[in-house]
Protein chains: 2
Amino acid sequence: MARSTSIRDVAAEAGVSITTVSHALSGKGTVSARTRLRVEQAVERLGYAPNPIARAMRTDRRAVLGFVSEEIASTPYAGKIIVGAQAEAAAHDHVLMIVDIAAGAFDDPRIDALIQRQVDAVVFASASNRVIRLPRSLDPARTVLLDAFDPAAPVPSVVPDEQDIAATAVRALLDAGHRRIAHLTVEGAGPAVTGRVEGYERTLVAAGGTPVVVRAGGEVADAAAGHRAATELFGPVSPGAADRHDAERPTAVFAFNDQMAMGVYQVAEERGMRIGRDLSVVGIDDLQLVAAALRPGLTTVALPHEQMGRAAVRRALEQTGALPAPQAPRAGVERLRGELVVRDSIGSATVTRS
Amino acid sequence: MARSTSIRDVAAEAGVSITTVSHALSGKGTVSARTRLRVEQAVERLGYAPNPIARAMRTDRRAVLGFVSEEIASTPYAGKIIVGAQAEAAAHDHVLMIVDIAAGAFDDPRIDALIQRQVDAVVFASASNRVIRLPRSLDPARTVLLDAFDPAAPVPSVVPDEQDIAATAVRALLDAGHRRIAHLTVEGAGPAVTGRVEGYERTLVAAGGTPVVVRAGGEVADAAAGHRAATELFGPVSPGAADRHDAERPTAVFAFNDQMAMGVYQVAEERGMRIGRDLSVVGIDDLQLVAAALRPGLTTVALPHEQMGRAAVRRALEQTGALPAPQAPRAGVERLRGELVVRDSIGSATVTRS
DNA sequence: CTGAAAGCGCTTACAG
DNA sequence: CTGAAAGCGCTTACAG
C-alpha cells in the first residue's frame, strides 16, 4: 500500500541495469553467479518486492483468479469451498477476487464489468449441484464450473460424485445390518437429487433390499421437508406406535442431507422413537451446525467442499497455463467422493429390532 | 480476459487523440459536446472498457479492496458479511480480493505478500467480536477492523452493539410478561460475552428482575454448551419435574446465541418442557440452519452482518479517498444494532405459569 | 553475461 | 477545446 522501492532502486543499489535485475530475479536470462548475488543482496537490503500491477501490465497475467459465487450467504458450505480455492491459489502465487451474485443472476453485469480483464480465469461456483447455462460473458476457455455442469459448453466442471456419496451413506447402514432402509428426498430432477436416489437404489438392491423413496413436496431440502417426508413415511401417529413392532417399518433412514435428517429427528421425538436405537439415520453434508449439534450426533457423509475448491482452481490454473496441462486430458467433469463421518445415529439392526 | 480494444482504438475510431478520449470519458478535461458524442459513439461501437490494470498503474489506485478473513469456513455468518462488503464495494466500482487466514494467524505472510500493493485498503474481519492486535504488515491508515477492536491502534472498527442487541433480546421476553429470565453464556471476557451479560443485567434490573447468569464451562458457545448450561440451570431431573410449579424456576431463557439455544431446546425436551409454553427462549444470530429449523421456530436477534460488511467497506473507501471523509469525524468504533426476528419460542408469561 | 530500448494502456500536466 | 509527450514499473526481444 505504501509507495515502495522499484526495480530501478534495486538496479542502482546493485550497480547493474534493471534488465539484469529482472533476469536475476526471474531466472529467465543468464546472469553470472556474482551478479546474481549482488542483486539478491540489494533486494534484501531494500526489502524489494516486484509490483504485481506493473508485471500484469506487461505480461497480461494478473496472477488473479475470479471467483463468482452464487448466493454465498445462503450456502453454509461456501466457506469451505472458498478456503480450498483460496489455499490452492495461494500455493501457486495467485489470489482470488470474489464477486457474489444473486441466485440465478447469471447476467449480472459485474461478472462482465469487474471480472473482465482483471482476472486470468474464472471459477464459477453454483449454490448447489445443478445443470446451468454458462453466462455469456464468460469465456469457456477461461472458466471452470464448480458444483455445476453445462452440457452445452466445453467447460471443465468439478462436482461431487453424488452416486458414490449416496452409496457410502447406504453402506454405513447396510454394514450395521439394516435392510429396510428408506430414502427421504425432495422433488426436482437436479444431479444431486437424482444422483443420490440412483446411488441409493443401486446399492440397496445389490444388498437385497427394496428401495422406498419418499419425496417431500417442494425442492427445498430443509428440516421442514425432512419433517414432512418422515411423517409421511411413518404414517399417522397411532397410540402406542413406539411399541408397535411393525415388520414393514423401515429400521433406517437415509436423508438427502443433514437438514432433512434434522426433521427426521423431530418426527422421531414426536413419536417416542430414539435415534440410534429405534431408528437409525444417516445424512449428507456434515454441516457442523446441524450434524454435530443434534443429539445423538448425526452420522453423515461429508462432501469434499475444500477439495472441490482446490480442484476447480487447479483446472483454472491449467487453463491459464500457470499449471501444466495434464498429459492425459481429463474428462470434462471431475467427480469427487465424500467421506463418512461417524457419530451416534446408527445403531445395529439387531438392537433396533428387539 | 480476451485481448480487447484499447483507448487507442477508440481514438482512431472517433478521429481524435487518446488524450481527448481520456478527457471525454473521465470528464476531467474540457471537451466539446460534439467531440464527446463522437467518442461515446466510438466506445459504443467498439464495446470499449478501460483496462483497470493500466489505470491502476498510472493512478496508483487499484479500485480493489483487500478482505482478510479469519477462518471464513468456520463462521456461518461470514457469507453475509462478505455479501455486504461485496455489494458496497461494487456500488463504488470497487472489487474485493479475499485472503483467508487460519484462526489467529495474523502473521500469515500472504497478508503482506499478496495484499501489499495490490489493494487500496484492507478490511480485516475477525471470526468473532474480540480484541486483537493489528497485524504489523497492515498500515493503520489503510485498514479497518471488522468484528474486532484494537485498543492500541488508531484504526476504525465496526462491531455489533452487543449491549443493545442483548437488550433487544431481553425486552422481547419482558414484553411477553416474563421477569424470571436467566442468561446462558460461556466463559471468557471478550466483548461479545461481556457486552451481552451487561446488556442483559442492565435491562432486566431496570424492569425489576434479578439477573441469573449461568456459564457453561469453556469458551465455545455451541449446542453442547447450551445443553450444559441449561442442565445446570434447571438442576437434577426429578420425577414429575414438568408438573412442578417451582416459583423460583425461570420462565424464560436468553441464550448467548442460537446454537446455545438449541441446547436449551434439547434439555427442555428431555424434561418434558414445551418451548413457547413451559419455557420461553430467545437467542442471538438468526442462524437459518438453527433458528428456522428448530421446532418451534426460535425467536432471535439477527446480527447486522450485511450492514457490518457494508460499513467496513465504506470506512475503507473513506481512507483511500474514494469516498469523502465524513464532516464530523466519527468515533473510532462504529456499533451496529440488531433486529428482533420473531418466531414461536416466546410465550406469554401468564400462559407459562398456568 | 550485460544493458539500452521499446512497449503494455492508461492519465496528466503542459503547450498550443 | 485539443493533442504530443512523459511516465507509472515492469518484461522481453535484440544487440553488443
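Chain A is the first sequence line, chain B the second, and so forth, proteins listed ahead of strands; every chain is numbered from 1.
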**Message:** I'd like to know if Asp60(A) pairs up with Arg62(A) as an ion pair, taking the criterion as any Lys NZ or Arg NE/NH1/NH2 lying under 4.0 Å from an Asp or Glu carboxylate oxygen.
**Reply:** yes

**Prompt:** Is the distance from OP1 or OP2 of dG9(D) to the nearest side-chain N or O of Ser6(A) less than 4.0 Å?
**Reply:** no

**Item:** Pairwise 5' ranking along DNA chain D for Met57(B) and Thr35(B), keeping only the more 5' one
**Value:** Thr35(B)

**Message:** Output the rounded distance in Å from CZ (Arg8(A)) to P (dA4(C)).
**Reply:** 12 Å

**Item:** With Val159(A), the side-chain contact (heavy atoms from CB on, under 4.5 Å) member among Val333(A), Leu145(A), Leu146(A)
**Value:** Val333(A)

**Prompt:** How close do Glu70(A) and Gly104(A) get, heavy atom to heavy atom, and via which atoms?
**Reply:** OE2-N, 2.8 Å

**Message:** Working note: Ile132(B) + Arg130(B), criterion side chain to side chain contact (heavy atoms under 4.5 Å, CB included); need CA distance, chi angles, decisive distance, verdict.
**Reply:** CA-CA 6 Å; Ile132(B) 66 168; Arg130(B) 66 189 206 275; 3.9 Å; yes

**Asked** With the sugar-phosphate defined as primed atoms, P, OP1 and OP2, and the base as all remaining atoms, what B/S/- string results for nucleotides 11-16 of chain D, 5' to 3', for protein heavy atoms under 4.0 Å?
**Response** BBB---

**Request:** Assess whether side chain to side chain contact (heavy atoms under 4.5 Å, CB included) is satisfied between Val155(B) and Phe124(B), documenting all intermediate values.
**Result:** CA-CA 11 Å; Val155(B) 189; Phe124(B) 187 92; over 6 Å; no

**Message:** Nearest whole Å is fine: how far is dG9(D) C1' from Leu25(A) CG?
**Reply:** 13 Å

**Item:** Reference residue Phe67(A); test side-chain contact (heavy atoms from CB on, under 4.5 Å); the match among Val313(A), Asp100(A), Val99(A), Val123(A)
**Value:** Val123(A)

**Request:** Go through DNA chain C and write down every stem, that is, every run of at least three consecutive Watson-Crick or G-U wobble pairs with distances under 3.5 Å, as range with range.
**Result:** C:1-3 with D:14-16, C:5-12 with D:5-12, C:14-16 with D:1-3

**Request:** Give a yes or no answer on whether the side chain of Arg337(B) reaches the backbone of Asp161(B) with a donor-acceptor pair at less than 3.5 Å.
**Result:** no

**Request:** For Asp60(A) and dC10(C), give me the distance from atom CG to atom P, rounded to whole Å.
**Result:** 12 Å

**Separation of atom CD1 in Ile53(B) from atom C1' in dC10(D), rounded to whole Å** = 13 Å

**Request:** Verify the contact: side-chain N or O of Thr20(B) to OP1 or OP2 of dG3(D), cut-off strictly under 4.0 Å; return yes or no.
**Result:** yes

**Message:** Is there a side chain to side chain contact (heavy atoms under 4.5 Å, CB included) between Val95(A) and Val64(A)? Walk through the geometry before answering.
**Reply:** CA-CA 5 Å; Val95(A) 106; Val64(A) 176; 3.8 Å; yes

**Request:** Tell me whether the OP1 or OP2 atom of dC1(D) has a side-chain N or O from Thr30(B) closer than 4.0 Å.
**Result:** yes

**Request:** Starting from P on dC10(C), measure out to CZ on Arg61(B) and report it in whole angstrom.
**Result:** 19 Å

Which pairs would a plain distance check flag for residues 9-24 of chain A, meaning a side-chain donor or acceptor within less than 3.5 Å of a matching protein atom at least two apart in sequence or in another chain?
unit_1   : atom_1 : unit_2   : atom_2 : d
Asp9(A)  : OD2    : Ser6(A)  : N      : 2.7
Glu13(A) : OE2    : Arg45(A) : NE     : 2.6
Glu13(A) : OE2    : Arg45(A) : NH2    : 3.2
Ser17(A) : OG     : Thr19(A) : N      : 3.4
Ser17(A) : OG     : Thr20(A) : N      : 3.2
Ser17(A) : OG     : Thr20(A) : OG1    : 3.1

